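We number each residue from 1, following the sequence as shown. Small disclaimer: the values here were computed from a predicted structure and weren't measured. Note that ligands are numbered from 1 as they come in the structure, with each ligand's atoms numbered from 1 the same way.
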Amino acid sequence: MAKRYFIHTFGCQMNESDSQRMGEALARAGWGPTETAESADLVLVNTCAIREKAEDKLYSALGRYRLLKASRGTRIGVAGCVAQQEKEKLLQRAPYVDFVLGPDQLARVPDLAEQGGVETGWVDSEEYVFPQADPQSSRGRATAFVTAMKGCDNVCSFCVVPYTRGREVSRPYAEIIREIAALVNVGVREVTLIGQNVNSYSGGCSFADLIRRVDEVPGLQRIRFTTSHPMDLSPELVRCFFEVKRLMPHFHLPVQHGADTVLTRMRRKYTIAQYEARIAQLPPGVALTSDIICGFPGETDDEHAQNLAFLRRTHYDSLFSFIYSPRPHTGALLKLGSGTEWAEIPRELALQRLEEVQALQRARTLQRHAALTGTEVEVLVENAQGPKRFGRTRENVAAHFEGDAQVGDVVRVSVEKTGLMALDGTQTGILNQAPFTEVRPRRHLAVVSA
Ligand code: SF4
């Protein structure tokens with residue numbers, strides 16, 4: 001019987017995509033997936049280093065998997081950003097881990113699973129060969145992530161990414177288009193182009209040109225992308241939101257803070273006035289989302305008040321907000337505590353500020369969703385179980401509804417109830433049927449055999 005693997009993924013879309021590539025590499029070497037860690041011969045933890053809490057979660061998960069190793073000899077591997085950051089040190093802290101694998105070494109996972117060891121070499125040049133998605137592993141799914149670039153050349157003072165993912169490298173556009181065409185061929189209807197700083201893409205054309213090329217792939221219904229830096233938002237990219245019909249009206253454009261003085265300490269390279277001028281260019285109806293950090297070193301009451309004032313006048317559809325987490329190697333950590341400007345904010349105060357930010361956004365998101373009650377929204381079906389369906393609106397809002405549509409269909413949903421996280425409703429019509437009806441029996445078989 002084939003040996004079985006289980007991948008536990010923390011963090012962002014990049015990690016989700018990397019986990020899929022590692023699963024494909026293991027499958028090529030004869031491994032099969034399993035649903036639980038308890039039934040696996042190999043447990044691979046794909047880690048996130050963006051906040052200390054994510055790192056803590058890794059060590060508590062490893063504590064649980066260690067028991068499986070003791071009881072049934074399960075091999076344990078650690079991949080992703082913490083693997084890259086800690087390298088051999090991870091084996092000192094968790095000596096029961098068999099191997100450590102950095103994000104540029106995904107293809108090595110079958111060898112390391114057998115032999116153990118540490119592989120965290122970086123390839124931050126055009127020599128880097130992006131792992132190619134196996135379209136078959138996306139058969140039966142409506143959506144897929146497609147890597148456009150990796151790494152980041154910015155040095156935001158709070159962010160560990162440049163130290164865990166290296167310099168920016170863009171994937172040649174022809175390779176991206178080929179991958180998307182192959183995904184569409186097995187039934188995928190929406191792609192999200194991903195990269196740490198995706199709008200600084202330069203793989204033979206600009207990012208705006210890449211979107212226009214993706215738009216030409218026949219059969220594709222929806223295009224999304226994430227994540228973007230405000231300084232790389234070009235007028236051409238703004239024009240795409242007006243002109244490229246299959247580019248969905250949702251833009252995640254992290255601002256991080258609403259006070260210029262904090263943005264300077266964060267090394268974000270823009271002012272709030274510049275950010276506001278840029279978002280003002282977007283067409284009406286584009287849902288805007290963002291990230292906010294509360295309790296950044298030295299954040300004064302006045303800076304926090306500026307942050308709240310900015311959020312009150314900027315109508316984000318939703319917001320990811322966190323308290324500042326000191327990360328190894330970063331500029332902010334090096335300066336933390338060195339004078340008033342970099343004073344550490346007591347945790348209680350940071351939490352209180354975070355709660356104020358979240359309360360403000362909660363009210364706004366609830367209000368935005370409530371305004372959709374009684375209207376009809378367009379949803380791409382991602383999941384179908386009995387009469388229950390799940391999908392996302394064009395603006396990327398989650399929607400649960402009852403209906404008979406298949407995965408991959410684009411439907412109209414009448415919104416009956418709304419909450420903070422999702423809309424609830426009933427399917428009222430099918431706008432665009434998934435053309436790959438022959439896919440369905442195969443998907444069914446795949447589910448049965450899994
Ligand atoms: S642009 Fe984003 S990924 Fe790059 S350093 Fe800044 S926060 Fe990190």
Side-chain angles (χ1 to χ4, degrees), residues 10-18 46-55 80-85 102-104 122 124 128 130 145 147-171 192-203 207 224-234 237 251-272 274-275 278-279 288-297 299 307 316 319-336:
F10 291 99
C12 62
Q13 293 95 336
M14 206 78 185
N15 265 15
E16 274 184 49
S17 164
D18 286 354
N46 195 6
T47 60
C48 171
I50 204 87
R51 275 173 284 281
E52 208 172 358
K53 206 163 150 194
E55 234 180 285
C81 289
V82 180
Q84 187 67 41
Q85 178 187 293
D104 279 4
W122 254 344
D124 52 0
Y128 181 73
F130 284 84
F145 294 123
T147 306
M149 55 83 73
K150 69 164 192 118
C152 182
D153 288 350
N154 292 307
V155 277
C156 301
S157 67
F158 55 84
C159 183
V160 73
V161 164
Y163 307 94
T164 59
R165 295 276 178 166
R167 312 277 306 189
E168 287 175 9
V169 183
S170 292
R171 191 176 181 192
T192 303
L193 299 167
I194 55 172
Q196 270 88 25
N197 190 15
V198 75
N199 59 344
S200 74
Y201 174 83
S202 62
F207 188 58
R224 300 186 189 277
F225 62 88
T226 196
T227 287
S228 304
H229 191 289
M231 287 317 278
D232 293 311
L233 171 54
S234 63
L237 182 55
F251 195 7
H252 185 66
L253 192 66
V255 67
Q256 307 296 358
H257 205 278
D260 287 343
T261 40
V262 178
L263 291 176
T264 304
R265 296 205 293 287
M266 286 179 164
R267 291 205 214 117
R268 288 293 286 177
K269 301 194 276 192
Y270 52 83
T271 61
I272 281 299
Q274 285 170 325
Y275 181 92
R278 290 193 174 205
I279 58 174
L288 194 64
T289 58
S290 190
D291 297 340
I292 286 280
I293 296 176
C294 295
F296 188 74
E299 187 190 50
N307 197 20
Y316 285 124
L319 199 59
F320 298 92
S321 46
F322 313 93
I323 58 171
Y324 166 72
S325 177
R327 301 285 62 215
H329 315 295
T330 56
L333 178 64
L334 295 176
K335 292 198 176 130
L336 188 63

**Report entry** Cut-off under 2.8 Å, centre atom 8 (Fe) of ligand 1, protein N/O/S atoms
**Finding:**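 The answer, once waters are left aside, is C159 SG.
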Tabulate below the donor-acceptor pairs under 3.5 Å that side-chain atoms of residues 10-17 make, not counting sequence neighbours, or state none.
residue, atom, partner, partner atom, Å
N15, OD1, R165, NH2, 2.6
N15, ND2, F10, O, 2.8
N15, ND2, T47, O, 2.7

query = Any side-chain heavy atom of F225 within less than 4.5 Å of one from L237?
reply = yes
Any side-chain heavy-atom pair of P254 and R268 under 4.5 Å: yes
When you check the side-chain N and O atoms of H252 and T227, is any donor under 3.5 Å from an acceptor?
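Their side chains do not contain a donor-acceptor pair, so the 3.5 Å distance test is not met.
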Report task. State, without any angle test, whether N46 and D18 hold a side-chain donor-acceptor pair at a distance under 3.5 Å. Result -> no
- [ ] Check ligand 1 against H229 and write out every atom of the ligand that is under 4.0 Å from a heavy-atom position of the residue.
- [x]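 Here the atoms of ligand 1 in question are 1 (S).
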Sequence neighbours excluded, the answer for salt bridge (Lys or Arg N to Asp or Glu O under 4.0 Å) partners of D153 is R167
For R278, the salt bridge (Lys or Arg N to Asp or Glu O under 4.0 Å) test, sequence neighbours excluded, returns none
- Task: Measure the distances from the heavy atoms of R267 to every atom of ligand 1 and state whether one is below 4.0 angstrom.
- Result: no
